[in-house]
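Encoded as C-alpha coordinates, the structure appears first; notes follow it.
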Amino acid sequence: MHIPEGYLSPSTCLTLGAAMLPVWYRATAAVKTGLEAARAPFLAMGAVFSFLIMMFNIPIPDGTTAHAAGGVLLAIVLGPWPAVIAVSVALLIQALFFGDGGVLAFGANAFNLAFIMPFAGYHTYRLLAGGSPPASRRRLIAAGLGAYVGLNLGALAAAIEFGLQPLLFTAADGTPLYCPYGLEVAIPAMLIPHLTLAGVAEATVTALALKYILKTSPDIVAAGDGR
Amino acid sequence: MTPLPTWLATGETGPLLTAERRWRRADYLTKTLADIQKIMAEDILQTGVAARPGFLQALEPRVKTVAAATLLIAVALAAGIPALAAFHCLLFLAALASGLGPKPYLIRTWLPALVFAGFAVLPAIFSWVTPGHPVLVVYDGADWHIGPFALPAQLAVTRQGLTAAAMVLLRAAASLGIVALLVKTTRWPALTKALQALGMPAVFVLVLELAYRYLFLFLLLLADYLLGRRSRLVGAEPALAKLEWVGGTLAGFLRLAGEYSKEIAAAMQARGFGGEARPAPAGRPGVREACLAVAVALIFVSLVGGKYLGQIGGL
(Lines give C-alpha, C1' and ligand atoms only; values in the text may rest on other atoms or scores of the structure.)
Protein backbone atom coordinates (compact mmCIF):
# COMPACT_ATOMS: atom_id res chain seq x y z
CA MET A 1 0.00 0.00 0.00
CA HIS A 2 3.08 2.25 -0.07
CA ILE A 3 2.58 4.52 -3.08
CA PRO A 4 5.77 4.59 -5.16
CA GLU A 5 7.14 7.67 -6.91
CA GLY A 6 5.69 8.45 -10.33
CA TYR A 7 2.09 7.41 -9.66
CA LEU A 8 0.88 10.70 -8.22
CA SER A 9 1.30 14.16 -9.68
CA PRO A 10 3.45 16.67 -7.74
CA SER A 11 0.33 18.74 -7.02
CA THR A 12 -1.42 15.71 -5.49
CA CYS A 13 1.68 14.98 -3.39
CA LEU A 14 1.87 18.63 -2.35
CA THR A 15 -1.84 18.77 -1.43
CA LEU A 16 -1.67 15.62 0.69
CA GLY A 17 1.62 16.72 2.26
CA ALA A 18 0.00 20.07 3.10
CA ALA A 19 -3.00 18.23 4.55
CA MET A 20 -0.63 16.31 6.83
CA LEU A 21 1.13 19.45 8.16
CA PRO A 22 -1.57 20.34 10.72
CA VAL A 23 -1.83 16.66 11.67
CA TRP A 24 1.92 16.44 12.34
CA TYR A 25 1.79 19.80 14.16
CA ARG A 26 -1.06 18.60 16.36
CA ALA A 27 0.65 15.25 16.95
CA THR A 28 3.91 16.95 17.92
CA ALA A 29 2.03 19.37 20.22
CA ALA A 30 0.14 16.47 21.79
CA VAL A 31 3.41 14.71 22.40
CA LYS A 32 5.09 17.82 23.83
CA THR A 33 2.45 18.10 26.52
CA GLY A 34 3.39 14.62 27.70
CA LEU A 35 6.44 13.64 29.65
CA GLU A 36 8.78 15.85 27.55
CA ALA A 37 12.22 14.25 27.72
CA ALA A 38 10.88 10.74 28.12
CA ARG A 39 8.57 11.06 25.09
CA ALA A 40 11.25 11.18 22.38
CA PRO A 41 12.62 7.69 23.13
CA PHE A 42 9.05 6.45 23.63
CA LEU A 43 8.08 7.68 20.15
CA ALA A 44 11.31 6.42 18.63
CA MET A 45 10.65 2.97 20.02
CA GLY A 46 7.09 3.32 18.71
CA ALA A 47 8.57 4.00 15.25
CA VAL A 48 10.88 1.00 15.61
CA PHE A 49 7.92 -1.15 16.62
CA SER A 50 5.92 0.19 13.66
CA PHE A 51 8.81 -0.73 11.37
CA LEU A 52 8.98 -4.23 12.88
CA ILE A 53 5.24 -4.73 12.34
CA MET A 54 5.62 -3.72 8.70
CA MET A 55 8.58 -6.11 8.35
CA PHE A 56 6.44 -9.12 9.24
CA ASN A 57 5.24 -11.32 6.41
CA ILE A 58 1.78 -12.39 7.55
CA PRO A 59 0.54 -15.72 6.16
CA ILE A 60 -2.72 -15.21 4.24
CA PRO A 61 -5.23 -17.84 3.08
CA ASP A 62 -4.02 -18.12 -0.54
CA GLY A 63 -0.73 -19.64 0.65
CA THR A 64 1.35 -16.53 0.15
CA THR A 65 2.08 -13.67 2.56
CA ALA A 66 1.21 -9.99 2.99
CA HIS A 67 2.92 -7.28 4.98
CA ALA A 68 1.15 -6.00 8.07
CA ALA A 69 0.58 -2.25 8.40
CA GLY A 70 0.07 -2.05 12.16
CA GLY A 71 -1.26 1.52 12.31
CA VAL A 72 -4.39 0.57 14.26
CA LEU A 73 -2.51 -1.63 16.74
CA LEU A 74 -0.16 1.27 17.43
CA ALA A 75 -3.11 3.68 17.84
CA ILE A 76 -4.79 1.34 20.32
CA VAL A 77 -1.60 0.75 22.29
CA LEU A 78 0.11 4.17 22.16
CA GLY A 79 -2.83 6.44 21.32
CA PRO A 80 -3.70 7.85 17.87
CA TRP A 81 -1.48 10.97 18.01
CA PRO A 82 1.73 9.15 18.98
CA ALA A 83 0.81 6.58 16.31
CA VAL A 84 0.80 9.37 13.70
CA ILE A 85 4.42 10.22 14.51
CA ALA A 86 5.56 6.60 14.95
CA VAL A 87 4.10 5.45 11.60
CA SER A 88 5.27 8.62 9.80
CA VAL A 89 8.86 8.10 10.98
CA ALA A 90 8.75 4.42 9.98
CA LEU A 91 7.41 5.41 6.53
CA LEU A 92 10.14 8.04 6.12
CA ILE A 93 12.89 5.54 6.98
CA GLN A 94 11.37 3.05 4.52
CA ALA A 95 11.15 5.66 1.75
CA LEU A 96 14.64 7.06 2.27
CA PHE A 97 16.57 3.87 2.91
CA PHE A 98 14.76 1.06 1.23
CA GLY A 99 12.94 2.72 -1.65
CA ASP A 100 9.65 1.43 -0.23
CA GLY A 101 7.24 4.26 -1.02
CA GLY A 102 8.16 7.51 -2.72
CA VAL A 103 9.80 10.49 -1.05
CA LEU A 104 7.54 12.98 -2.88
CA ALA A 105 4.65 10.63 -2.14
CA PHE A 106 5.60 10.55 1.56
CA GLY A 107 2.81 13.00 2.42
CA ALA A 108 0.28 10.83 0.58
CA ASN A 109 1.52 7.64 2.25
CA ALA A 110 1.48 9.33 5.65
CA PHE A 111 -2.06 10.59 4.97
CA ASN A 112 -3.29 7.06 4.19
CA LEU A 113 -1.27 4.97 6.64
CA ALA A 114 -0.33 7.35 9.46
CA PHE A 115 -3.54 9.40 9.64
CA ILE A 116 -6.61 7.75 8.06
CA MET A 117 -5.75 4.20 9.09
CA PRO A 118 -4.91 4.77 12.79
CA PHE A 119 -7.70 7.29 13.40
CA ALA A 120 -10.42 5.37 11.57
CA GLY A 121 -9.35 2.11 13.20
CA TYR A 122 -8.93 3.60 16.66
CA HIS A 123 -12.37 5.27 16.70
CA THR A 124 -14.01 2.11 15.36
CA TYR A 125 -12.29 0.19 18.15
CA ARG A 126 -13.39 2.70 20.82
CA LEU A 127 -16.95 2.70 19.51
CA LEU A 128 -17.25 -1.09 19.42
CA ALA A 129 -15.28 -1.81 22.60
CA GLY A 130 -17.38 0.62 24.65
CA GLY A 131 -16.77 0.12 28.34
CA SER A 132 -15.95 -3.57 28.09
CA PRO A 133 -13.29 -5.05 30.41
CA PRO A 134 -9.69 -4.86 29.06
CA ALA A 135 -9.17 -8.53 28.23
CA SER A 136 -12.74 -9.23 27.10
CA ARG A 137 -13.56 -10.97 23.82
CA ARG A 138 -15.57 -7.91 22.76
CA ARG A 139 -12.51 -5.68 23.04
CA LEU A 140 -10.39 -8.04 20.93
CA ILE A 141 -13.10 -8.30 18.26
CA ALA A 142 -13.38 -4.50 18.32
CA ALA A 143 -9.60 -4.23 17.77
CA GLY A 144 -9.78 -6.68 14.85
CA LEU A 145 -12.70 -4.85 13.26
CA GLY A 146 -10.94 -1.52 13.86
CA ALA A 147 -7.86 -2.83 12.03
CA TYR A 148 -10.06 -4.14 9.19
CA VAL A 149 -11.88 -0.81 8.81
CA GLY A 150 -8.69 1.23 9.17
CA LEU A 151 -6.74 -0.78 6.58
CA ASN A 152 -9.56 -0.73 4.06
CA LEU A 153 -10.21 2.98 4.45
CA GLY A 154 -6.48 3.60 3.96
CA ALA A 155 -6.57 1.44 0.84
CA LEU A 156 -9.69 3.28 -0.39
CA ALA A 157 -7.95 6.63 0.09
CA ALA A 158 -4.94 5.38 -1.91
CA ALA A 159 -7.29 4.07 -4.64
CA ILE A 160 -9.06 7.43 -4.90
CA GLU A 161 -5.71 9.21 -5.11
CA PHE A 162 -4.67 6.84 -7.93
CA GLY A 163 -8.02 7.02 -9.69
CA LEU A 164 -8.11 10.81 -9.78
CA GLN A 165 -4.83 11.05 -11.70
CA PRO A 166 -6.11 10.21 -15.22
CA LEU A 167 -9.10 12.48 -14.65
CA LEU A 168 -6.93 15.44 -13.74
CA PHE A 169 -3.60 14.94 -15.50
CA THR A 170 -3.75 13.86 -19.13
CA ALA A 171 -1.79 15.04 -22.19
CA ALA A 172 -3.55 16.52 -25.22
CA ASP A 173 -3.51 13.15 -27.05
CA GLY A 174 -5.12 11.37 -24.08
CA THR A 175 -1.91 9.92 -22.62
CA PRO A 176 -2.21 9.74 -18.82
CA LEU A 177 0.69 11.63 -17.23
CA TYR A 178 0.69 9.76 -13.91
CA CYS A 179 -1.25 6.70 -12.68
CA PRO A 180 -3.14 5.49 -15.78
CA TYR A 181 -5.95 3.71 -13.90
CA GLY A 182 -9.22 5.52 -13.39
CA LEU A 183 -11.47 5.18 -10.34
CA GLU A 184 -13.37 2.29 -11.95
CA VAL A 185 -10.15 0.24 -12.08
CA ALA A 186 -8.18 1.58 -9.11
CA ILE A 187 -10.90 1.16 -6.47
CA PRO A 188 -11.70 -2.53 -7.13
CA ALA A 189 -8.01 -3.32 -7.73
CA MET A 190 -7.10 -1.92 -4.32
CA LEU A 191 -10.17 -2.93 -2.33
CA ILE A 192 -10.77 -6.52 -3.45
CA PRO A 193 -7.46 -7.90 -2.06
CA HIS A 194 -7.69 -5.72 1.05
CA LEU A 195 -11.33 -6.59 1.81
CA THR A 196 -10.81 -10.32 1.26
CA LEU A 197 -7.23 -11.20 2.28
CA ALA A 198 -5.00 -8.45 3.65
CA GLY A 199 -7.76 -6.93 5.82
CA VAL A 200 -8.61 -10.29 7.39
CA ALA A 201 -4.92 -10.99 8.12
CA GLU A 202 -4.43 -7.50 9.58
CA ALA A 203 -7.56 -7.87 11.74
CA THR A 204 -6.50 -11.29 13.04
CA VAL A 205 -2.94 -10.22 13.83
CA THR A 206 -4.12 -7.00 15.52
CA ALA A 207 -6.63 -8.86 17.70
CA LEU A 208 -4.12 -11.59 18.61
CA ALA A 209 -1.31 -9.10 19.29
CA LEU A 210 -3.64 -7.06 21.53
CA LYS A 211 -4.66 -10.24 23.34
CA TYR A 212 -1.04 -11.00 24.22
CA ILE A 213 -0.24 -7.35 24.96
CA LEU A 214 -3.15 -7.18 27.39
CA LYS A 215 -1.92 -10.39 28.97
CA THR A 216 1.73 -9.39 29.34
CA SER A 217 1.77 -5.56 29.29
CA PRO A 218 -1.65 -4.17 30.26
CA ASP A 219 0.03 -1.05 31.68
CA ILE A 220 1.19 0.03 28.18
CA VAL A 221 -2.35 -0.15 26.76
CA ALA A 222 -3.77 1.64 29.78
CA ALA A 223 -1.24 4.44 29.23
CA GLY A 224 -2.14 4.77 25.56
CA ASP A 225 -5.91 4.51 25.98
CA GLY A 226 -7.74 7.76 25.51
CA ARG A 227 -4.73 9.78 24.34
CA MET B 1 49.95 -4.47 28.85
CA THR B 2 47.08 -6.94 28.37
CA PRO B 3 47.20 -8.42 24.85
CA LEU B 4 44.19 -7.90 22.63
CA PRO B 5 41.87 -10.88 22.16
CA THR B 6 42.51 -12.78 18.93
CA TRP B 7 39.24 -11.72 17.26
CA LEU B 8 40.09 -8.06 17.89
CA ALA B 9 43.75 -8.28 16.91
CA THR B 10 43.16 -9.85 13.51
CA GLY B 11 43.30 -7.50 10.56
CA GLU B 12 41.30 -9.76 8.31
CA THR B 13 37.70 -8.97 7.63
CA GLY B 14 35.13 -11.30 6.16
CA PRO B 15 33.11 -10.59 3.04
CA LEU B 16 30.27 -8.12 3.38
CA LEU B 17 26.86 -9.53 4.12
CA THR B 18 24.81 -9.79 0.96
CA ALA B 19 21.09 -10.30 0.63
CA GLU B 20 20.10 -13.84 -0.28
CA ARG B 21 17.98 -14.00 -3.42
CA ARG B 22 15.72 -16.93 -4.18
CA TRP B 23 12.82 -17.22 -6.53
CA ARG B 24 10.87 -20.13 -5.07
CA ARG B 25 7.98 -19.40 -2.73
CA ALA B 26 9.17 -19.28 0.90
CA ASP B 27 7.23 -19.43 4.15
CA TYR B 28 6.53 -16.35 6.27
CA LEU B 29 9.51 -16.94 8.59
CA THR B 30 12.00 -17.35 5.75
CA LYS B 31 10.59 -14.33 3.92
CA THR B 32 10.81 -12.11 6.99
CA LEU B 33 14.36 -13.33 7.68
CA ALA B 34 15.33 -12.59 4.07
CA ASP B 35 13.85 -9.08 4.35
CA ILE B 36 15.87 -8.43 7.52
CA GLN B 37 19.00 -9.77 5.83
CA LYS B 38 18.37 -7.41 2.90
CA ILE B 39 18.07 -4.41 5.22
CA MET B 40 21.27 -5.32 7.05
CA ALA B 41 23.13 -5.75 3.74
CA GLU B 42 21.78 -2.38 2.60
CA ASP B 43 23.01 -0.65 5.76
CA ILE B 44 26.49 -2.20 5.47
CA LEU B 45 26.74 -1.06 1.86
CA GLN B 46 25.54 2.42 2.74
CA THR B 47 27.99 2.84 5.62
CA GLY B 48 30.84 1.76 3.34
CA VAL B 49 29.88 4.01 0.43
CA ALA B 50 29.21 7.09 2.60
CA ALA B 51 32.60 6.74 4.31
CA ARG B 52 34.70 6.48 1.15
CA PRO B 53 35.82 9.55 -0.86
CA GLY B 54 33.74 10.34 -3.93
CA PHE B 55 32.02 12.96 -6.04
CA LEU B 56 28.78 13.25 -4.06
CA GLN B 57 30.34 12.46 -0.66
CA ALA B 58 32.37 15.69 -0.92
CA LEU B 59 29.28 17.90 -1.19
CA GLU B 60 27.72 19.76 1.73
CA PRO B 61 24.73 17.70 2.98
CA ARG B 62 22.20 20.57 3.08
CA VAL B 63 22.97 21.63 -0.48
CA LYS B 64 22.85 18.01 -1.59
CA THR B 65 19.46 17.52 0.10
CA VAL B 66 17.98 20.65 -1.53
CA ALA B 67 19.41 19.53 -4.90
CA ALA B 68 17.84 16.09 -4.48
CA ALA B 69 14.45 17.61 -3.58
CA THR B 70 14.61 19.92 -6.62
CA LEU B 71 15.47 17.04 -8.91
CA LEU B 72 12.63 14.93 -7.50
CA ILE B 73 10.18 17.72 -8.37
CA ALA B 74 11.75 18.11 -11.83
CA VAL B 75 11.39 14.38 -12.49
CA ALA B 76 7.78 14.43 -11.33
CA LEU B 77 7.00 17.34 -13.67
CA ALA B 78 8.98 15.98 -16.64
CA ALA B 79 6.88 14.99 -19.63
CA GLY B 80 9.48 13.84 -22.16
CA ILE B 81 10.87 10.32 -22.41
CA PRO B 82 14.20 11.35 -24.10
CA ALA B 83 14.93 13.95 -21.38
CA LEU B 84 14.21 11.41 -18.65
CA ALA B 85 16.39 8.79 -20.36
CA ALA B 86 19.26 11.31 -20.59
CA PHE B 87 18.79 12.15 -16.92
CA HIS B 88 19.12 8.45 -16.09
CA CYS B 89 22.52 8.44 -17.81
CA LEU B 90 23.60 11.38 -15.61
CA LEU B 91 22.44 9.59 -12.48
CA PHE B 92 24.36 6.47 -13.50
CA LEU B 93 27.55 8.50 -14.07
CA ALA B 94 27.10 10.21 -10.68
CA ALA B 95 26.73 6.79 -9.04
CA LEU B 96 29.95 5.57 -10.66
CA ALA B 97 31.82 8.76 -9.69
CA SER B 98 30.66 8.28 -6.09
CA GLY B 99 31.86 4.68 -5.87
CA LEU B 100 28.40 3.12 -5.68
CA GLY B 101 29.17 0.65 -8.45
CA PRO B 102 26.98 -0.19 -11.46
CA LYS B 103 25.41 -3.37 -10.08
CA PRO B 104 24.41 -2.05 -6.63
CA TYR B 105 23.06 1.13 -8.24
CA LEU B 106 20.98 -0.72 -10.83
CA ILE B 107 19.67 -3.17 -8.21
CA ARG B 108 18.61 -0.27 -5.97
CA THR B 109 16.88 1.70 -8.71
CA TRP B 110 15.63 -0.47 -11.54
CA LEU B 111 14.74 -3.60 -9.60
CA PRO B 112 12.26 -1.88 -7.22
CA ALA B 113 11.05 0.33 -10.07
CA LEU B 114 10.21 -2.74 -12.15
CA VAL B 115 8.71 -4.66 -9.24
CA PHE B 116 6.66 -1.87 -7.62
CA ALA B 117 5.87 0.37 -10.60
CA GLY B 118 6.59 -1.66 -13.74
CA PHE B 119 4.37 -4.70 -13.20
CA ALA B 120 1.51 -2.64 -11.80
CA VAL B 121 1.52 -0.34 -14.80
CA LEU B 122 1.81 -3.11 -17.40
CA PRO B 123 -1.96 -3.52 -18.05
CA ALA B 124 -2.10 0.20 -18.86
CA ILE B 125 -0.39 -0.40 -22.21
CA PHE B 126 -3.56 -2.09 -23.54
CA SER B 127 -6.50 -0.33 -25.12
CA TRP B 128 -8.87 -1.67 -22.42
CA VAL B 129 -7.22 0.69 -19.91
CA THR B 130 -5.69 3.38 -22.11
CA PRO B 131 -7.57 3.89 -25.38
CA GLY B 132 -5.62 5.47 -28.22
CA HIS B 133 -3.69 4.87 -31.40
CA PRO B 134 -3.07 1.08 -31.79
CA VAL B 135 0.56 0.06 -32.22
CA LEU B 136 0.08 -3.70 -31.99
CA VAL B 137 -3.32 -5.40 -32.37
CA VAL B 138 -3.61 -8.53 -30.20
CA TYR B 139 -7.04 -9.49 -31.56
CA ASP B 140 -9.81 -7.75 -33.47
CA GLY B 141 -13.46 -8.40 -34.16
CA ALA B 142 -13.92 -10.92 -31.35
CA ASP B 143 -17.35 -11.63 -29.91
CA TRP B 144 -16.59 -13.41 -26.64
CA HIS B 145 -19.12 -13.68 -23.85
CA ILE B 146 -18.80 -15.31 -20.44
CA GLY B 147 -22.31 -15.18 -19.01
CA PRO B 148 -23.32 -11.52 -18.78
CA PHE B 149 -19.71 -10.39 -19.23
CA ALA B 150 -18.47 -9.54 -22.72
CA LEU B 151 -14.88 -8.89 -23.76
CA PRO B 152 -14.26 -5.78 -25.90
CA ALA B 153 -14.18 -6.41 -29.64
CA GLN B 154 -10.55 -5.31 -29.96
CA LEU B 155 -7.45 -5.57 -27.77
CA ALA B 156 -4.42 -3.57 -28.83
CA VAL B 157 -1.28 -2.09 -27.38
CA THR B 158 -1.69 1.67 -27.74
CA ARG B 159 0.90 4.39 -28.22
CA GLN B 160 -0.67 6.37 -25.38
CA GLY B 161 -0.56 3.33 -23.12
CA LEU B 162 3.09 2.65 -23.89
CA THR B 163 3.98 6.29 -23.28
CA ALA B 164 2.09 6.40 -19.99
CA ALA B 165 3.71 3.16 -18.73
CA ALA B 166 7.18 4.28 -19.81
CA MET B 167 6.74 7.64 -18.10
CA VAL B 168 5.65 6.06 -14.81
CA LEU B 169 8.53 3.55 -14.94
CA LEU B 170 11.18 6.13 -15.87
CA ARG B 171 9.95 8.57 -13.23
CA ALA B 172 9.87 5.88 -10.54
CA ALA B 173 13.40 4.68 -11.39
CA ALA B 174 14.77 8.25 -11.58
CA SER B 175 13.27 9.15 -8.21
CA LEU B 176 14.68 5.99 -6.66
CA GLY B 177 18.06 6.83 -8.19
CA ILE B 178 18.06 10.38 -6.77
CA VAL B 179 17.12 9.18 -3.29
CA ALA B 180 19.63 6.30 -3.43
CA LEU B 181 22.45 8.65 -4.41
CA LEU B 182 21.54 11.11 -1.64
CA VAL B 183 21.16 8.51 1.09
CA LYS B 184 24.05 6.23 0.12
CA THR B 185 26.59 9.08 -0.09
CA THR B 186 25.57 10.91 3.09
CA ARG B 187 26.17 9.68 6.63
CA TRP B 188 22.89 9.32 8.52
CA PRO B 189 23.67 11.93 11.26
CA ALA B 190 24.68 14.44 8.56
CA LEU B 191 21.47 13.77 6.64
CA THR B 192 19.19 14.20 9.66
CA LYS B 193 21.00 17.44 10.62
CA ALA B 194 20.51 18.65 7.04
CA LEU B 195 16.79 17.85 7.25
CA GLN B 196 16.60 19.77 10.52
CA ALA B 197 18.46 22.77 9.05
CA LEU B 198 15.96 22.76 6.18
CA GLY B 199 12.97 23.08 8.50
CA MET B 200 12.03 19.60 9.70
CA PRO B 201 10.81 19.93 13.34
CA ALA B 202 13.52 19.15 15.88
CA VAL B 203 11.31 16.67 17.74
CA PHE B 204 10.73 14.75 14.51
CA VAL B 205 14.47 14.70 13.74
CA LEU B 206 15.27 13.50 17.24
CA VAL B 207 12.76 10.67 16.96
CA LEU B 208 14.10 9.81 13.49
CA GLU B 209 17.70 9.64 14.76
CA LEU B 210 16.81 7.53 17.76
CA ALA B 211 14.59 5.21 15.72
CA TYR B 212 17.28 4.60 13.13
CA ARG B 213 19.90 3.98 15.81
CA TYR B 214 17.86 1.32 17.58
CA LEU B 215 16.15 -0.16 14.53
CA PHE B 216 19.08 -2.41 13.69
CA LEU B 217 19.38 -3.71 17.24
CA PHE B 218 15.73 -4.73 17.15
CA LEU B 219 16.09 -6.24 13.69
CA LEU B 220 18.98 -8.39 14.93
CA LEU B 221 16.90 -9.51 17.91
CA LEU B 222 13.97 -10.27 15.64
CA ALA B 223 16.20 -12.22 13.23
CA ASP B 224 17.48 -14.36 16.12
CA TYR B 225 13.94 -14.92 17.31
CA LEU B 226 12.72 -15.92 13.84
CA LEU B 227 15.68 -18.22 13.32
CA GLY B 228 14.97 -19.87 16.66
CA ARG B 229 11.37 -20.46 15.66
CA ARG B 230 12.27 -21.82 12.23
CA SER B 231 14.90 -24.15 13.68
CA ARG B 232 12.38 -25.68 16.10
CA LEU B 233 9.53 -26.15 13.64
CA VAL B 234 8.87 -29.71 12.54
CA GLY B 235 6.03 -30.47 10.13
CA ALA B 236 3.23 -28.28 8.87
CA GLU B 237 2.04 -25.40 11.02
CA PRO B 238 -1.72 -24.67 11.17
CA ALA B 239 -2.69 -21.24 9.75
CA LEU B 240 -4.07 -19.95 13.05
CA ALA B 241 -0.94 -21.08 14.91
CA LYS B 242 1.16 -18.94 12.56
CA LEU B 243 -0.98 -15.87 13.23
CA GLU B 244 -1.00 -16.63 16.99
CA TRP B 245 2.80 -16.76 16.93
CA VAL B 246 3.06 -13.46 15.02
CA GLY B 247 0.64 -11.82 17.50
CA GLY B 248 2.57 -13.14 20.50
CA THR B 249 5.88 -12.02 18.98
CA LEU B 250 4.57 -8.51 18.38
CA ALA B 251 3.37 -8.33 21.98
CA GLY B 252 6.80 -9.45 23.22
CA PHE B 253 8.61 -6.91 21.09
CA LEU B 254 6.28 -4.14 22.21
CA ARG B 255 7.16 -4.96 25.82
CA LEU B 256 10.84 -4.89 24.89
CA ALA B 257 10.49 -1.57 23.03
CA GLY B 258 8.69 -0.08 26.02
CA GLU B 259 11.44 -1.16 28.40
CA TYR B 260 14.13 0.17 26.06
CA SER B 261 12.37 3.53 25.77
CA LYS B 262 12.44 3.93 29.57
CA GLU B 263 16.11 2.99 29.76
CA ILE B 264 17.05 5.31 26.88
CA ALA B 265 15.09 8.19 28.42
CA ALA B 266 16.82 7.64 31.78
CA ALA B 267 20.23 7.48 30.08
CA MET B 268 19.54 10.67 28.12
CA GLN B 269 18.32 12.54 31.19
CA ALA B 270 21.36 11.36 33.16
CA ARG B 271 23.52 12.96 30.45
CA GLY B 272 21.71 16.30 30.71
CA PHE B 273 19.03 15.95 28.05
CA GLY B 274 16.06 18.16 28.91
CA GLY B 275 13.67 17.38 26.08
CA GLU B 276 14.93 19.90 23.53
CA ALA B 277 16.74 18.88 20.35
CA ARG B 278 19.79 21.00 19.60
CA PRO B 279 19.95 22.92 16.31
CA ALA B 280 22.24 21.52 13.66
CA PRO B 281 25.60 23.28 13.12
CA ALA B 282 25.63 24.97 9.71
CA GLY B 283 28.27 23.94 7.14
CA ARG B 284 29.77 26.32 4.57
CA PRO B 285 28.89 25.76 0.93
CA GLY B 286 31.81 26.36 -1.48
CA VAL B 287 32.57 26.33 -5.19
CA ARG B 288 31.59 22.67 -5.61
CA GLU B 289 28.15 23.38 -4.16
CA ALA B 290 27.73 26.41 -6.45
CA CYS B 291 28.57 24.20 -9.45
CA LEU B 292 26.01 21.64 -8.25
CA ALA B 293 23.36 24.38 -7.98
CA VAL B 294 24.03 25.47 -11.57
CA ALA B 295 23.95 21.86 -12.81
CA VAL B 296 20.65 21.21 -11.00
CA ALA B 297 19.13 24.38 -12.47
CA LEU B 298 20.16 23.28 -15.98
CA ILE B 299 18.74 19.78 -15.43
CA PHE B 300 15.51 21.26 -14.09
CA VAL B 301 15.08 23.44 -17.17
CA SER B 302 15.94 20.52 -19.48
CA LEU B 303 13.41 18.20 -17.83
CA VAL B 304 10.57 20.63 -17.21
CA GLY B 305 11.24 23.64 -19.39
CA GLY B 306 10.53 21.98 -22.74
CA LYS B 307 6.92 21.33 -21.80
CA TYR B 308 6.26 24.98 -21.00
CA LEU B 309 8.36 26.33 -23.88
CA GLY B 310 6.23 24.15 -26.17
CA GLN B 311 3.08 25.63 -24.69
CA ILE B 312 4.42 29.17 -25.16
CA GLY B 313 5.42 28.35 -28.75
CA GLY B 314 1.94 27.03 -29.44
CA LEU B 315 0.29 30.28 -28.42
Side-chain angles (χ1 to χ4, degrees), chain A residues 4-7 9-10 13 24 28 31-32 36-38 40-49 51-53 55-59 61 64-65 73 77 85 89 92-93 95-99 102-104 171 173-181 185 204-205 208-209 211-213 216-217 220, chain B residues 28 31-32 35-36 39 42 72-73 76-77 79 108 112 116-117 121 124 129-132 160 163-164 167-168 171-172 175-176 179-180 183 201 203-204 206-208 210-212 214-215 218 222 239 242-244 246-248 250-251 253-255 257-258 260-261 264-265 268-269 273-275:
Chain A
E5 217 77 89
Y7 270 76
S9 71
C13 295
W24 283 320
T28 312
V31 166
K32 272 186 180 166
E36 295 294 346
F42 170 74
L43 288 175
M45 290 302 109
V48 169
F49 184 61
F51 194 97
L52 289 184
I53 297 174
M55 279 296 302
F56 259 102
N57 285 274
I58 309 292
T64 181
T65 58
L73 179 63
V77 173
I85 297 183
V89 169
L92 188 60
I93 292 176
L96 282 175
F97 281 88
F98 312 114
V103 173
L104 276 187
D173 65 348
T175 306
L177 293 175
Y178 299 97
C179 176
Y181 305 113
V185 176
T204 313
V205 165
L208 289 170
K211 178 181 146 188
Y212 287 106
I213 290 166
T216 58
S217 322
I220 297 178
Chain B
Y28 70 108
K31 273 189 183 175
T32 311
D35 287 347
I36 293 173
I39 288 173
E42 199 67 37
L72 281 173
I73 294 167
L77 289 170
R108 270 148 202 86
F116 295 123
V121 89
V129 177
T130 315
Q160 285 82 351
T163 309
M167 286 301 296
V168 168
R171 276 206 203 101
S175 304
L176 283 165
V179 175
V183 172
V203 174
F204 211 87
L206 183 65
V207 172
L208 193 60
L210 280 171
Y212 189 74
Y214 285 93
L215 176 64
F218 274 79
L222 180 61
K242 292 177 187 174
L243 293 173
E244 284 257 10
V246 172
L250 288 178
F253 272 84
L254 178 73
R255 175 91 254 171
Y260 260 89
S261 82
I264 295 163
M268 286 167 74
Q269 282 169 320
F273 178 74

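Letters A, B, ... are given to chains in the order of the sequence lines, protein chains preceding strands, and every chain is numbered from 1.
The distance from the CG atom of B:Leu250 to the CZ atom of A:Phe56 is 5.0 Å, given to the nearest 0.5 Å. In this structure, CG in A:Leu208 is found 5.0 Å from CD in B:Glu244, a value given to the nearest 0.5 Å. Taken to the nearest 0.5 Å, the CD1 atom of B:Ile36 stands 4.5 Å off from the CE atom of A:Met55. Atom OG1 of A:Thr175 sits about 4.5 Å away from atom CD of B:Gln160, to the nearest 0.5 Å.
With a 4.5 Å cut-off on side-chain heavy atoms, A:Tyr7 and B:Val121 count as touching. With a 4.5 Å cut-off on side-chain heavy atoms, B:Ser175 and A:Leu104 do not count as touching. Residues B:Leu210 and A:Met45 form no side-chain contact, since every pair of their non-hydrogen atoms from C-beta on lies 4.5 Å or further apart. Under the 4.5 Å side-chain criterion, counting only non-hydrogen atoms from C-beta, B:Phe204 is in contact with A:Leu92.
Between A:Pro180 and B:Val129 the shortest heavy-atom distance is O-CG1, 4.0 Å. Taking all atoms of both residues into account, the shortest heavy-atom contact from B:Val168 to A:Gly6 is CG2-O, 3.9 Å.
By number of non-hydrogen pairs under 4.5 angstrom with chain A, the leading residue of B:Thr163, B:Val246, B:Leu176 is B:Val246. Highest contact tally toward chain B, considering only A:Gly102, A:Ala44, A:Pro4, is held by A:Ala44 [criterion: heavy-atom pairs under 4.5 Å]. Chain A forms more heavy-atom pairs under 4.5 Å with one residue of B:Leu222, B:Val183, B:Leu208, B:Leu254 than with any other, namely B:Leu254.
Looking at A:Val185, there are no atoms closer than 4.5 Å to chain B (heavy atoms on both sides), in backbone or side chain. Interface remark: A:Ala95 contributes backbone atoms only to the contact with chain B (heavy atom separation under 4.5 Å).
Between B:Tyr212 and A:Phe97, the gap from one ring centroid to the other is short of 6.0 Å.
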